[in-house]
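Worksheet for the structure shown next.
We count ligands from 1, going down the list as the structure has it; atoms in each ligand are counted the same way.
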Amino acid sequence: MQKETDFLTRLRHSTSHVMAQAVEELFPGVKLAIGPATQDGFYYDFDCERTFSPDDLAKIEARMRQVIAQDLPFIREEYSKEDAVVLFKERGEIYKLEILEDIDNDAVSIYRHDDFTDLCRGPHVSSTGEIGAFKLLSVAGAYWRGDERNKMLQRIYGTAFPTQEEMDTFLARLEEAKRRDHRRLGRELDLFSINEEAGAGLVIYHPKGAILRWILEDFERREHLKRGYQLVIGPQISRLELWKRSGHFDNYKDYMYFTQVDDQEYVLKPMNCLAHMLIYKSSQRSYRDLPLRYFEMGTVHRHERSGVLHGLPRVREFTQDDAHILCRPDQLHDEIEGILRFVDDVMNIFDFSYELEVSTRPAKSIGSEEDWEMATKALRDVLDKRGLPYEVNEGEGAFYGPKIDVKLKDTLERKWQCATIQCDFSMPERFDLTYVGQDGEKHRPVMLHRVILGSMERFIGILIEHYAGAFPLWLSPVQAVILTLTDRNIPYAAQVYQHLLQEGIRVEKDFRNEKLGFKIREAQLQKIPYMVVVGDKEEQTKTVAPRKRDGTALKGMTLQDFLAMIGEERGVPKTTRQEGGDRT
Ligand SMILES: [Zn+2]
Ligand SMILES: [Zn+2]
């Protein structure tokens with residue numbers, strides 16, 4: 001499995017070289033930036049005065065096909081950094097020179113095929129003939145190094161596969177992804193907007209988006225209370241000293257927003273941990289009090305570069321379903337296990353499958369080597385004991401501890417980072433958190449940072465695409481709409497509307513003097529689960545004629561029967577297991 005992925009990555013990256021060669025030949029003077037493989041294909045960033053058109057892409061593809069047919073070998077050569085600088089200076093490749101400046105090694109590698117040369121770590125496939133099927137997909141602007149202060153380059157996206165069949169499957173899925181795009185559906189279903197006037201990466205929830213978020217938050221609070229968590233709320237800004245003490249300032253300041261109040265420097269919180277630690281510290285804790293599980297729907301701000309902002313998954317202000325568990329070392333295993341079960345329950349409710357990854361110590365980090373080892377072992381032990389498979393990402397942990405990442409898979413088999421469980425021995429040390437043990441001595445608790453859905457913004461984006469906007473009844477912002485057949489029926493329809501409203505159904509009315517077919521069509525486009533039609537016949541028999549959004553017309557029924565029918569369906573699905581609160 002691993003090998004296959006590697007081959008695909010090499011194949012795609014090799015295709016990006018072939019594309020760069022074609023672009024260089026067809027558009028002399030173009031400057032090359034970077035051209036990596038991605039999860040879905042590859043891209044290459046070019047600095048070119050001409051704006052690439054669809055016709056240009058077709059020409060580039062045609063030239064690429066020739067190069068592939070020639071089956072030219074990819075050749076790796078080692079250069080000293082100095083020689084490489086000379087080589088790329090001659091060619092006027094200013095971006096390659098910038099990349100070279102950042103390389104610490106004395107030796108660098110160059111890959112060549114045909115007349116094309118690129119600064120590249122590799123690896124590549126052995127020759128261009130190994131590239132089976134490829135397609136150039138689109139052109140988009142991309143700032144050099146993702147920084148809006150830099151020049152805007154042109155990024156050509158493409159994809160490549162070993163066989164045409166695999167590529168066709170992928171392209172079909174891409175079409176489906178476009179149909180489900182949460183940015184488009186977000187607009188069409190009037191859920192949210194992101195408005196430059198308010199600022200990039202800042203989400204504005206419209207009424208239907210806000211109710212969806214409220215439903216999810218309400219669900220979350222109940223699930224957390226059932227599992228022995230306590231709800232807390234921390235301040236949105238807090239003093240800079242606190243963030244220096246935690247190590248955030250040293251390790252995370254590029255992502256943080258600062259503000260001043262009177263003469264004090266404050267931080268707009270990028271994480272929720274610190275207030276939770278202050279709650280812990282507000283009184284003397286005993287071993288009997290632990291574990292303590294503090295949960296907050298915590299809004300955080302992180303300064304993402306504008307180049308990486310993208311719909312709901314990458315924003316600058318988001319809310320996490322964040323909790324911090326403080327426990328004794330002997331409780332760590334059970335706590336991690338409890339979180340994994342929680343994740344499993346919640347993923348089942350939304351029909352998501354998922355994969356697990358363990359991320360270890362990054363270069364920029366705090367804490368002792370022993371603590372890191374202990375924390376990493378704790379996480380791995382639980383997974384091993386439960387027989388759960390996982391991959392290891394070396395150096396991808398948080399700066400204060402290793403973590404288990406949960407990558408959920410949506411209906412299109414795309415992977416998304418949502419839940420994480422981070423094990424932290426450092427913060428309790430830095431903030432001198434203690435509890436009195438059975439021996440009467442002071443001990444250090446361990447801290448687990450964890451989210452289940454992760455960023456609510458990202459999760460809502462994923463949900464929109466997962467369900468293609470047709471949410472299950474319990475999540476639907478509007479569950480039913482009352483449609484009148486004629487204006488005569490309005491008074492009775494208004495009674496039906498009031499009745500459903502009082503029963504807690506999220507209901508709308510469409511009493512416009514329009515054809516019923518037209519109104520049904522609009523409600524279907526809005527993906528409203530039930531259309532409740534009211535005409536003369538219904539009025540006389542005191543019934544309603546419901547229809548489902550898939551077009552199924554149900555037979556007439558009383559409102560009572562209608563409520564009974566949807567009663568079960570509109571409740572929050574039951575999670576399979578529930579954790580007890582106390583486990584001392
Ligand atoms: Zn390369
Ligand atoms: Zn945290």
Exercise for the section: Please work out which of the three classes, parallel, tilted or perpendicular, describes the rings of Phe350 and Phe219, given edges at 30° and 60°. Expected result: perpendicular
Ring centres of Phe27 and Phe52 under 6.0 Å apart?
yes
Centroid-to-centroid, His449 to Tyr400, below 6.0 Å? yes
Which of Thr299, Val203, Val300 passes side chain to side chain contact (heavy atoms under 4.5 Å, CB included) with Glu317? It is Thr299
Query raised in the report: Taking 2.8 Å as the cut-off, does an N/O/S atom of His449 lie below it from the Zn ion (ligand 2)?
Result: yes
*Does NZ or CZ of Arg12 lie under 6.0 Å from the centre of the six-membered ring of Phe161, at an angle within 45° of the ring axis?*
yes
Counting only protein N, O or S atoms (no waters) closer than 2.8 Å to the Zn ion (ligand 1) gives 4
Restricting His324 to its N/O/S atoms, the closest one to the Zn ion (ligand 2) is NE2
Report the C-alpha separation of Ile34 and Tyr44 in whole Å, then their side-chain angles, then the decisive distance to 0.1 Å, and conclude whether the side-chain contact (heavy atoms from CB on, under 4.5 Å) test is met.
CA-CA 6 Å; Ile34 52 164; Tyr44 213 113; 5.7 Å; no
Q: Inspect the contact between Asp405 and Lys407 and indicate whether a charged nitrogen and a carboxylate oxygen are less than 4.0 angstrom apart.
A: no
